[in-house]
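What follows is a single structure, written as structure tokens, with notes after it.
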Amino acid sequence: MIHLVLGGARSGKSRYGEALVRQYTALGFDACYVATAQALDDEMATRIAKHQAGRTDDGIEWQLFEESLALTALLKRLAKPGRVILVDCLTLWLTNQLLASNAKVDDEPAPTEWNATDFTSASSTSNDEALASWQAEKTAFVDSLAELEGVVVLISNEVGSGIVPLGELSRQFVDEAGWLNQAVAALADNVTLVVAGLPLALKPL
């Protein structure tokens with residue numbers, strides 16, 4: 001069973017997802033927490049520490065797994081009857097995938113008068129390869145969902161309601177996040193949108 005939980009920043013989506021997990025642990029399920037965040041700076045490290053501290057007294061005996069990229073393989077390995085898995089979150093996993101795939105673009109030399117044309121061509125090719133890599137990863141992930149046993153709760157950000165970002169990679173992230181959410185929602189058994197801490201059932205209606 002797949003339950004997709006959507007919401008904006010500080011909407012309460014993670015708390016709601018944890019409440020769903022608690023319903024299953026009360027029935028005897030064991031619980032796994034899959035964290036996709038990476039502590040790449042002090043601010044993110046602080047955020048992660050707060051999430052970890054909040055889970056110490058939430059009444060759930062979590063098995064913690066940290067995986068920033070190979071999410072599909074991990075879920076296939078963990079999913080089984082009698083187990084509920086919480087993934088927090090898909091949009092951070094997407095971010096990690098896009099940054100890893102776009103590493104080639106970051107490594108290109110700064111354009112000069114003599115290499116500007118070649119730089120533009122190389123960057124375009126690298127970006128196409130990065131998108132192809134992500135599309136393959138997304139397809140494998142979505143296709144695997146129907147095969148997963150037990151219960152999987154997927155947390156994801158709804159990012160399409162804000163302003164259009166200025167940067168190319170940021171716009172790509174918003175587009176890909178929206179398409180990822182749509183693909184997962186189409187296959188999910190349940191979809192819930194959380195706004196201001198209040199859940200709104202989108203599927204089933």
Side-chain angles (χ1 to χ4, degrees), residues 1-9 13-14 17 32 34-38 40 44 65-79 85-109 111 117-193 202-203:
M1 199 279 284
I2 305 297
H3 194 144
L4 175 64
V5 179
L6 299 167
K13 60 186 181 297
S14 293
C32 294
V34 177
T36 61
Q38 298 184 86
L40 299 179
M44 194 62 186
F65 298 86
E66 297 179 341
E67 181 53 66
S68 60
L69 292 172
L71 179 60
T72 305
L74 179 61
L75 290 181
K76 287 182 177 180
R77 179 165 62 88
L78 293 179
I85 302 171
L86 176 67
V87 178
D88 197 0
C89 67
L90 292 185
T91 31
L92 280 174
W93 174 61
L94 166 62
T95 299
N96 299 334
Q97 289 286 344
L98 292 179
L99 291 177
S101 298
N102 279 278
K104 293 180 180 179
V105 177
D106 294 337
D107 290 340
E108 293 290 348
T117 301
D118 291 340
F119 173 81
T120 301
S121 176
S123 296
S124 177
T125 300
S126 296
N127 191 52
D128 290 343
E129 293 174 352
L131 280 176
S133 175
W134 159 245
Q135 293 302 329
E137 192 71 38
K138 182 179 79 171
T139 298
F141 173 75
V142 173
D143 288 348
S144 74
L145 294 180
E147 305 171 5
L148 299 179
E149 297 183 294
V151 178
V152 180
V153 179
L154 302 169
I155 309 297
S156 191
N157 284 78
E158 176 52 63
V159 299
S161 300
I163 61 174
V164 177
L166 294 177
E168 178 182 356
L169 185 57
S170 297
R171 289 193 299 272
Q172 184 183 103
F173 166 77
V174 171
D175 289 344
E176 295 299 335
W179 288 324
L180 174 62
N181 287 343
Q182 288 185 53
V184 174
L187 293 174
D189 301 281
N190 296 284
V191 181
T192 302
L193 175 66
L202 302 181
K203 182 183 180 181

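Remark: side-chain polar atoms of S68 are not paired, donor with acceptor, to backbone N or O of Q38 under 3.5 angstrom. Remark: the backbone N or O of T192 is not paired with any side-chain donor or acceptor of K203 at under 3.5 angstrom. In terms of modelled atom types and a separation under 3.5 Å, the side chain of N96 and the main chain of L69 share no donor-acceptor contact. Checking side-chain atoms of K138 against main-chain N and O of E176 turns up no donor-acceptor pair under 3.5 Å.
Classified by interplanar angle (parallel below 30°, tilted 30° to 60°, perpendicular above 60°), the ring pair W134/W93 is perpendicular.
Atom CD of residue Q182 and atom CG of residue L187 lie 12.5 Å apart, to the nearest 0.5 angstrom. One finds the CD1 atom of I155 at 5.5 Å from the OG atom of S14 (value rounded to the nearest 0.5 Å). One finds the CG atom of L193 at 5.5 Å from the CG atom of L202 (value rounded to the nearest 0.5 Å). In this structure, CG on L4 lies 11.5 Å from NZ on K13, to the nearest 0.5 angstrom. For the atom pair CZ of R77 and CD of E67, the computed distance is 9.0 Å after rounding to the nearest 0.5 Å.
Side-chain contact between L154 and I2 is present, with at least one heavy-atom pair separated by less than 4.5 Å. V87 is listed as a side-chain neighbour of T36, based on a closest heavy-atom distance under 4.5 Å. Side-chain contact between L90 and L71 is present, with heavy atoms from C-beta onward closer than 4.5 Å. A 4.5 Å side-chain heavy-atom check between E66 and V34 finds every atom pair outside the cut-off. Using a 4.5 Å heavy-atom cutoff, the side chains of C32 and L86 are not in contact. A 4.5 Å side-chain heavy-atom check between L98 and S101 finds every atom pair outside the cut-off. Side-chain contact between V152 and H3 is absent, with no heavy atoms from C-beta onward closer than 4.5 Å. Side-chain contact between N190 and M1 is present, with heavy atoms from C-beta onward closer than 4.5 Å.
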ask   = Between N157 and T91, does a side chain to side chain donor-acceptor pair (under 3.5 Å) hold up when you go through it step by step?
value = CA-CA 6 Å; N157 284 78; T91 31; 2.7 Å; yes
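For Q135, the CD atom counts as densely surrounded, since its 6.0 Å shell holds more than 12 non-hydrogen atoms of other residues, nucleotides or ligands.
Between V153 and G17, the shortest heavy-atom distance links the atoms CG1-CA, 4.2 Å.
Just one residue in the list T72, I85, L78, L75 forms a side-chain contact (heavy atoms from CB on, under 4.5 Å) with L148, and that residue is L75.
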